[in-house]
Trainee: 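Next up is a structure, given as structure tokens.
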There are 2 protein chains.
Amino acid sequence: MLDRIGDKWTTLIVLILADGTLRFSELRSHMGNRIAPKVLTQTLRRMEIDGLITRQVFAEVPPRAEYTLTDLGLSLIEPLAAIGDWAEVNAAALLAARARAGDSSAT
Amino acid sequence: MLDRIGDKWTTLIVLILADGTLRFSELRSHMGNRIAPKVLTQTLRRMEIDGLITRQVFAEVPPRAEYTLTDLGLSLIEPLAAIGDWAEVNAAALLAARARAGDSSAT
DNA sequence: CGGAATCCTAGAAGATACTG
DNA sequence: CAGTATCTTCTAGGATTCCG
């Protein structure tokens with residue numbers, strides 16, 4: 001299952017939806033539109049299958065689709081946020097480590 | 001950085017090394033030998049570059065190499081374990097969700 | 001023992017264009 | 001608006017073999 005969490009976007013989507021239900025394009029803009037619609041759809045489908053989110057489609061014009069975290073999805077917020085915090089706190093350390101690794105000329 | 005955590009083995013390795021320094025083959029057997037040596041090496045190298053582990057090689061015969069978590073690596077244990085727990089606790093729910101998704105014939 | 005070298009596959013991710 | 005379709009690229013991961 002960790003592989004699911006590990007894919008590039010799932011974690012981000014969970015954290016974004018943590019603030020509440022969003023529609024497809026809202027979700028996408030919250031991600032800076034850096035994700036291709038196909039990839040977003042794909043990711044959302046996987047998350048739906050895994051029971052992390054629910055997808056509610058409205059038969060309207062213009063069409064509307066809303067994505068909401070399930071209880072299972074909600075329960076993921078905490079541990080995921082913990083890692084997010086870790087990454088944030090240690091961002092500098094990581095960059096330093098990588099720089100060091102690429103720089104063998106230690107004086 | 002989350003992508004690094006997301007790869008298939010890094011999380012597992014951190015949690016295994018949490019119990020203490022291990023050598024290449026020990027590490028591998030702790031993973032049930034389910035990982036190809038190439039992949040293990042590759043993963044360990046990435047982790048080294050990211051400053052999560054240190055690699056100490058002994059110029060002996062037979063050769064020995066020991067892997068130890070750095071402070072940075074140690075700091076990852078908690079949040080990673082949190083996700084591990086989550087996955088364990090919700091394993092059943094996940095399977096159920098997937099089964100449901102593949103089975104539209106709800107009676 | 002601890003890797004490195006080689007070859008291969010699956011699938012995630014991205015760009016672009018199109019449709020109900 | 002919310003996708004789908006198609007094509008392409010990239011690389012993690014895997015199996016096997018060989019070497020110091």
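So that the names make sense, note that chain A is the first sequence line, chain B the second, and so on, each numbered from 1. Side-chain atoms are counted along with the backbone in the values below, which use heavy atoms only and exclude waters and symmetry mates.
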Trainee: List in chain and number order the residues that pass side-chain hydrogen bond (donor to acceptor under 3.5 Å, both in side chains) with R45(A), two or more places apart in sequence or in another chain; answer none if no residue qualifies.
Mentor: none
Trainee: Base, sugar-phosphate, or nothing for Y67(A), non-hydrogen atoms under 4.0 angstrom?
Mentor: sugar-phosphate
Trainee: Under 4.0 Å, heavy atom to any atom of DNA chain C: which of residues 39-46 of chain B qualify?
Mentor: T41(B), R45(B)
Trainee: Return whichever of P63(A) or K8(A) has its heavy-atom-nearest nucleotide of DNA chain C closer to the 5' end.
Mentor: K8(A)
Trainee: Which donor-acceptor pairs under 3.5 Å do the side chains of residues 68-83 of chain B make with protein atoms, sequence neighbours left out?
Mentor:
| residue | atom | partner | partner atom | Å |
| --- | --- | --- | --- | --- |
| T68(B) | OG1 | T21(B) | OG1 | 2.8 |
| T70(B) | OG1 | G51(B) | O | 2.5 |
| T70(B) | OG1 | L52(B) | O | 3.1 |
| T70(B) | OG1 | L72(B) | N | 3.3 |
| T70(B) | OG1 | G73(B) | N | 3.1 |
| S75(B) | OG | W86(A) | NE1 | 2.8 |
| S75(B) | OG | L72(B) | O | 2.6 |

Trainee: Heavy atoms, side chains only, cut-off 4.5 Å: are R55(A) and V57(A) in contact?
Mentor: yes
Trainee: Bend angle of the helix from dC1(C)-dG20(D) to dG20(C)-dC1(D) from five-pair axes at both ends, rounded to 10°?
Mentor: 50°
Trainee: Could you see if L17(A) belongs to whatever hydrophobic cluster contains L94(B)? Use Ile, Leu, Val, Met, Phe, Trp, Tyr and a side-chain cutoff under 4.5 Å.
Mentor: yes
Trainee: To the nearest 0.5 Å, what is the distance between OG1 on T41(A) and CZ on R46(A)?
Mentor: 11.5 Å
Trainee: Taking side chain as C-beta onward, heavy atoms only, is Y67(B) less than 4.5 Å from M47(B)?
Mentor: no
Trainee: Between T54(B) and E48(B), is there a side-chain heavy-atom distance shorter than 4.5 Å?
Mentor: no
Trainee: Earliest and latest nucleotide of DNA chain C, 5' to 3', sitting under 4.0 Å from a non-hydrogen atom of chain A?
Mentor: dA12(C) to dG20(C)
Trainee: Working to the nearest 0.5 Å, report the span between CG of N90(B) and CG of D85(B).
Mentor: 10.5 Å
Trainee: Between V39(B) and W9(B), is there a side-chain heavy-atom distance shorter than 4.5 Å?
Mentor: yes
Trainee: Report the residues that fulfil salt bridge (Lys or Arg N to Asp or Glu O under 4.0 Å) with R64(A), sequence neighbours left out, ordered by chain and then residue number.
Mentor: E60(A), E66(A)
Trainee: Rounded to the nearest 0.5 Å, how far apart are OG of S29(A) and CD1 of I16(A)?
Mentor: 8.5 Å
Trainee: For DNA chain D, note the earliest and the latest nucleotide, 5' to 3', having some atom under 4.0 Å of a heavy atom belonging to chain A.
Mentor: dC1(D) to dC7(D)
Trainee: Shortest non-hydrogen contact from L44(B) to I53(B)?
Mentor: O-CD1, 3.5 Å
Trainee: Using a 4.0 Å cut-off on heavy atoms, which residues in residues 19-31 of chain A reach DNA chain D? List them by number, or say none.
Mentor: R23(A), F24(A), S25(A)
Trainee: When rounded to the nearest 0.5 angstrom, what is the spacing between CD1 in I35(B) and NZ in K8(B)?
Mentor: 9.0 Å
Trainee: Residues in side-chain hydrogen bond (donor to acceptor under 3.5 Å, both in side chains) with R28(B), at least two apart?
Mentor: none
Trainee: Output all residues satisfying side-chain contact (heavy atoms from CB on, under 4.5 Å) with L95(A), sequence neighbours left out; order by chain, then residue number.
Mentor: none
